[in-house]
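Step one of this worksheet: look at the structure below.
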Amino acid sequence: MANVVDSYPLSPLQEGMLFNALYAPHSGVDVTQIICRMHHPLDPVRFGEAWRAVVARHAILRTAFRWEGLETPLQDVYGEADLEYVVEDLRDRPAGEREARIEEFLAADRRRGFDIASPPLVRIAVFLLGENENVLVWPYHHLILDATSFAIILEEVFALYETRLAGGGLALEEPTPY
């Protein structure tokens, strides 16, 4: 496989989630949507840079799953993965329309699901609502993250973002593998 740098078996819990994903790929089961309402100015370019840096840093965020023709499914870690990062500017719309657009996006995104055979199994959407009001939508497949790990990822993204805004660099500890 091109760009695959490591492969290993799934955990028993991941095997169950893989079954769910294959059985009902667009059901939204095991797709988590983290929604953060941010009440401060946002530089979408630097925010995107922070997200891409975290994806590059964590192998699990560059992981996809392979099962066809195999006796035991594998998770493949890719050397790199292109993060889908979308910014939608809704600042010129009335408040009701902005909220309706976000709700519409959330429903469509859940139905969309993920192609679990192609990394990354995360994507980012940012909705600009006002000078000090923005919404982050971070969908990911539960195959790659649990409740503890998603908090670590968010902490790193915001730390890197704040450092980029200040014009500096941030040295983070080596990440713990999944």
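- Between the side chain of H58 and the backbone N or O of I60 there is no donor-acceptor pair closer than 3.5 Å.
- Looking at E80 and N3, their side chains never bring a donor and an acceptor atom within 3.5 Å of each other.
- Criterion: ILVMFWY side-chain heavy atoms under 4.5 Å apart, direct or through other members. Under it, L160 and L61 are part of a common hydrophobic cluster.
- Judged by distance alone, with hydrogens and angles left aside, the side-chain atoms of D6 form no donor-acceptor pair with the main-chain N or O of V77 at under 3.5 Å.
- A 4.5 Å side-chain heavy-atom check between P139 and F114 finds at least one atom pair inside the cut-off.
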Report the C-alpha separation of I116 and L22 in whole Å, then their side-chain angles, then the decisive distance to 0.1 Å, and conclude whether the side chain to side chain contact (heavy atoms under 4.5 Å, CB included) test is met. CA-CA 9 Å; I116 59 174; L22 297 175; 4.2 Å; yes
Would Y8 and L74 count as a side chain to side chain contact (heavy atoms under 4.5 Å, CB included) here? Give the steps. CA-CA 5 Å; Y8 43 93; L74 293 173; 5.8 Å; no
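- Side-chain contact between Y85 and P44 is present, with at least one heavy-atom pair separated by less than 4.5 Å.
- Panel note: side chain D30, backbone N20; no donor-acceptor pair is recorded below 3.5 Å.
- Between R52 and E49, no side-chain nitrogen of the basic residue sits less than 4.0 Å from a carboxylate oxygen of the acidic one, so the salt-bridge criterion is not met.
- Judged purely by atom type and a 3.5 angstrom limit, E84 has no side-chain atom pairing as donor or acceptor with the backbone of R123.
- Between the side chain of R110 and the main chain of V31, a donor-acceptor pair closer than 3.5 Å is present.
- For the pair Y161 (side chain) and G48 (backbone), a donor-acceptor distance under 3.5 Å is absent.
- A cation-pi arrangement, defined by a distance under 6.0 Å to the six-membered ring centre and an angle within 45 degrees of its axis, is absent between R164 and F47.
- In this structure, Q14 contributes its side chain and S11 its backbone to a donor-acceptor pair below 3.5 Å.
- L145 CG to L154 CG: the interatomic distance, rounded to the nearest 0.5 Å, is 9.5 Å.
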Could you please spell out the steps behind the side chain to side chain contact (heavy atoms under 4.5 Å, CB included) verdict for W51 and I153? CA-CA 9 Å; W51 273 103; I153 299 299; 4.0 Å; yes
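- Residues F105 and I35 are members of one and the same hydrophobic cluster, defined by side-chain heavy-atom contacts under 4.5 angstrom among Ile, Leu, Val, Met, Phe, Trp and Tyr.
- Between the side chain of E133 and the backbone N or O of L128, no donor-acceptor pair lies under 3.5 Å.
- Under a 3.5 Å cut-off, the side chain of S118 and the backbone N or O of D115 do not form any donor-acceptor pair.
- For Q33, the CD atom counts as densely surrounded, since its 6.0 Å shell holds more than 12 non-hydrogen atoms of other residues, nucleotides or ligands.
- The existence of a salt bridge linking E71 and R66 is excluded, since no basic side-chain nitrogen approaches an acidic carboxylate oxygen closer than 4.0 Å.
- Hydrophobic clustering keeps F127 apart from M38 (ILVMFWY residues linked when any side-chain heavy atoms are closer than 4.5 Å, directly or through intermediates).
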Practice item. Would you please test W67 and F65 for ring-ring contact (aromatic ring centres under 6.0 Å, His included) and show each step? Key: CA-CA 7 Å; W67 61 92; F65 295 82; 8.2 Å; no
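- Shown here is D82, whose CG atom has no more than 12 heavy atoms of other residues, nucleotides or ligands within 6.0 Å.
- Put simply, CG on L10 and CD on E15 are 6.0 Å apart, with the number rounded to the nearest 0.5 Å.
- Linking Ile, Leu, Val, Met, Phe, Trp and Tyr residues whenever their side-chain heavy atoms come within less than 4.5 Å leaves I144 and I152 in two separate clusters.
- A donor-acceptor pair under 3.5 Å is absent between the side-chain atoms of R91 and the main chain of L129, judged by distance alone.
- Within the 4.5 Å cutoff, no side-chain heavy atoms of T63 are placed close to those of P119.
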### Task
Under the side chain to side chain contact (heavy atoms under 4.5 Å, CB included) rule, what do L106 and V137 come out as? Steps first, then yes or no, please.
CA-CA 8 Å; L106 290 170; V137 178; 3.6 Å; yes
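- Distance check: Y140 OH to D146 CG gives 7.5 Å after rounding to the nearest 0.5 Å.
- For the atom pair CG of N134 and CG of D43, the computed distance is 10.5 Å after rounding to the nearest 0.5 Å.
- Distance check: R62 CZ to D76 CG gives 12.5 Å after rounding to the nearest 0.5 Å.
- Cluster annotation: V86 is not connected to L136 through the hydrophobic network of ILVMFWY side chains, with a link wherever side-chain heavy atoms come within less than 4.5 Å.
- The NE2 atom of H141 sits 8.5 Å away from the CG atom of L18 when rounded to the nearest 0.5 Å.
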